[in-house]
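Here the structure comes first, spelled out in structure tokens, and everything after it is commentary.
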2 protein chains.
Amino acid sequence: MKMSAGVEWGVHCCVVLSQAQEPVPAARLAEFHGISRTYLAKNLQQLSRAGLVRATEGRDGGYELTRAASSITVLDVVQAIDGDQPAFRCTEIRQRGPLASPPEECTRPCGVARVMAKAEQAWRSSLREVSVADLAVTVDKDSGRTALTALRGWLAEG
Amino acid sequence: MKMSAGVEWGVHCCVVLSQAQEPVPAARLAEFHGISRTYLAKNLQQLSRAGLVRATEGRDGGYELTRAASSITVLDVVQAIDGDQPAFRCTEIRQRGPLASPPEECTRPCGVARVMAKAEQAWRSSLREVSVADLAVTVDKDSGRTALTALRGWLAEG
DNA sequence: CTATCTCGGACAGAACTTATCCACGTTAGG
DNA sequence: CCTAACGTGGATAAGTTCTGTCCGAGATAG
Ligand code: SF4
Ligand code: SF4
């Protein structure tokens with residue numbers, strides 16, 4: 001079980017964007033994190049397609065959040081980048097082999113699939129409870145309340 | 001985010017083994033589910049390494065559970081096959097870029113990583129609450145209480 | 001003792017993820 | 001108008017993991 005590595009970038013970018021007052025170019029976000037410009041662009045496109053960020057093209061363009069940081073959950077970002085397909089995919093092997101269940105008995109997901117779905121639901125719920133705004137506060141606290149002001153300063157010196 | 005497809009096989013095999021009184025060969029388990037013999041063997045090896053099943057070699061050998069089905073949780077099977085590495089791997093990008101946090105500030109996982117870890121913890125807890133024995137009961141109920149007896153019959157006719 | 005059956009690990013192939021690049025349409029400013 | 005900055009999408013590799021197959025070592029029954 002593995003989550004796309006781009007999720008970490010996406011979350012961090014959303015935190016950064018929550019502190020910006022104007023569009024931030026992708027190249028600048030990449031520079032800030034010291035990561036690949038070109039690949040980050042791909043991830044940002046996914047955020048854009050999911051409707052979490054808006055991209056303004058042309059000169060002085062860049063990315064900005066479409067709504068308040070407090071209403072963007074971590075789950076939103078994870079699903080935007082990592083996809084919203086369930087981790088457990090049932091192959092319906094109960095319908096194969098010598099003791100196969102007839103299809104008319106398989107109207108609903110079997111017990112195994114239900115257990116997996118419930119666990120993923122718990123995972124999603126946990127991620128849904130934290131917003132990007134919450135995250136920004138946490139990061140700020142961890143740094144002794146210096147991170148966000150430093151970040152805003154760096155964004156201003158464009 | 002994706003979980004190994006072999007997990008489904010592993011869970012089903014454990015349910016089958018919970019109804020067996022003698023070792024069941026891998027080839028027979030594969031035949032029962034209508035899946036690849038050779039690849040299932042690999043998954044069973046992982047279960048064996050994790051200590052969930054015991055393999056007896058030689059003629060009339062096969063696999064059997066090492067402990068009661070009620071004390072084997074779904075989480076055990078998932079971790080045995082899919083690995084126990086966390087889905088979210090932090091790359092410590094906060095220590096890179098122009099505003100990098102100094103290493104002495106990074107004594108513990110940052111806010112993002114903590115949120116992810118908590119969510120995975122919730123997922124694990126959910127899977128830990130269900131045992132293979134519970135699963136067998138569920139599957140039996142779904143089939144109108146005929147699945148387990150049919151299964152035991154099929155196992156007996158070696 | 002031996003024939004046979006079993007697991008175990010080593011070995012390829014497929015599929016996905018990660019990463020890069022470039023041509024294109026769009027926008028602001030000179 | 002024309003240039004420079006910026007996102008978009010597709011095409012393209014490289015790397016890594018997942019999937020699948022193979023044969024040999026070892027154990028058991030007879
Ligand atoms: S028994 Fe459940 S997990 Fe297995 S194939 Fe059927 S629906 Fe899928
Ligand atoms: S801020 Fe958190 S998620 Fe990001 S690199 Fe640091 S520890 Fe990892």
Side-chain angles (χ1 to χ4, degrees), chain A residues 1-10 13 17 20 22-31 33-66 78 80-83 85 87-89 91 93 158, chain B residues 1-10 13 17 20 22-31 33-66 78 80-89 91 93 158:
Chain A
M1 181 125 110
K2 187 182 158 203
M3 164 180 299
S4 171
V7 169
E8 186 180 359
W9 302 357
C13 284
L17 290 179
E22 50 191 20
V24 183
R28 200 152 169 73
L29 286 169
E31 177 199 355
H33 294 112
I35 57 182
S36 155
R37 278 136 248 213
T38 52
Y39 191 39
L40 178 63
K42 278 271 178 278
N43 289 338
L44 289 172
Q45 280 175 33
Q46 295 183 269
L47 291 180
S48 175
R49 271 193 287 266
L52 296 180
V53 302
R54 175 202 339 281
T56 48
E57 296 185 356
R59 186 188 168 119
D60 293 352
Y63 288 97
E64 55 192 336
L65 298 182
T66 55
V78 170
I81 293 184
D82 207 52
Q85 287 200 329
F88 179 82
R89 280 111 162 179
T91 333
I93 65 180
Chain B
M1 181 123 110
K2 188 179 157 205
M3 164 180 303
S4 171
V7 170
E8 186 180 358
W9 302 357
C13 285
L17 290 178
E22 51 191 21
V24 183
R28 200 152 170 72
L29 285 169
E31 177 200 356
H33 295 112
I35 57 183
S36 156
R37 277 135 253 220
T38 51
Y39 189 38
L40 178 64
K42 191 160 163 36
N43 289 340
L44 289 172
Q45 281 174 37
Q46 295 183 267
L47 290 180
S48 174
R49 269 195 289 265
L52 295 180
V53 303
R54 175 202 338 281
T56 49
E57 296 186 355
R59 187 188 169 116
D60 291 354
Y63 289 97
E64 56 192 336
L65 299 181
T66 54
V78 170
I81 293 184
D82 207 51
D84 54 358
Q85 287 199 329
F88 179 82
R89 280 111 160 176
T91 333
I93 64 179

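All values reported here derive from a predicted model rather than from experimental measurement. Naming: A, B, ... by sequence-line order, numbering from 1 per chain. These numbers come from the heavy atoms of this one structure, side chains and all, not from hydrogens, waters or symmetry mates.
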*Are the side chain of Thr91(B) and the backbone of Ile93(B) linked by a donor-acceptor contact shorter than 3.5 Å?*
no
*Would you kindly check whether a donor in the side chain of Gln45(A) faces an acceptor in the base of dG7(D), or vice versa, at under 3.5 angstrom?*
no
*asked:* Please give me the minimum heavy-atom distance between Gly6(A) and Ile81(A), naming the atom from each residue.
replied: O-CD1, 3.5 Å
*Is the shortest side-chain N/O distance from Arg54(A) to OP1 or OP2 of dG7(D) below 4.0 Å?*
no
*Quick one: Ile35(A) CD1 to dT20(C) C1', roughly how many Å, whole number?*
14 Å
_Rounded distance (Å) that lies between atom C1' of dT17(D) and atom CG of Asn43(B)_ = 14 Å
_Reading 5' to 3' through nucleotides 19-30 of chain D, protein heavy-atom contacts under 4.0 Å coded B for base, S for sugar-phosphate only, - for none_ = BBB----BBBS-
*Between Asp82(A) and Met3(A), is there a donor-acceptor pair closer than 3.5 Å when you use the side chain of the first and the backbone of the second?*
no
*asked:* Surrounding CZ of Arg37(A) (heavy atoms of other residues, nucleotides or ligands, distance under 6.0 Å), is the total greater than 12?
replied: no
*So, for Val53(A) and Thr66(A), which heavy atoms are closest and what is the spacing to 0.1 Å?*
C-CG2, 3.4 Å
*Interatomic distance where CD1 belongs to Ile81(A) and C1' belongs to dC16(C) [whole Å]*: 17 Å
*Measure across Pro23(B) and Gly61(B) and return the closest heavy-atom pair with its distance rounded to 0.1 Å.*
CB-C, 3.9 Å
*Over how many whole Å does the gap from Arg28(A) atom CZ to dG7(D) atom P extend?*
12 Å
_Measuring to OP1 and OP2 of dG8(C), would you say a side-chain N or O of Ser48(B) lies under 4.0 angstrom away?_
yes
*Using whole Å, report how far OH of Tyr63(A) lies from C1' of dT27(C).*
15 Å
*asked:* I need the CE-P distance between Met1(A) and dT16(D), as an integer number of Å.
replied: 22 Å
_Measure CG/Leu47(B) against P/dC7(C) and give the value in whole Å, please._
12 Å
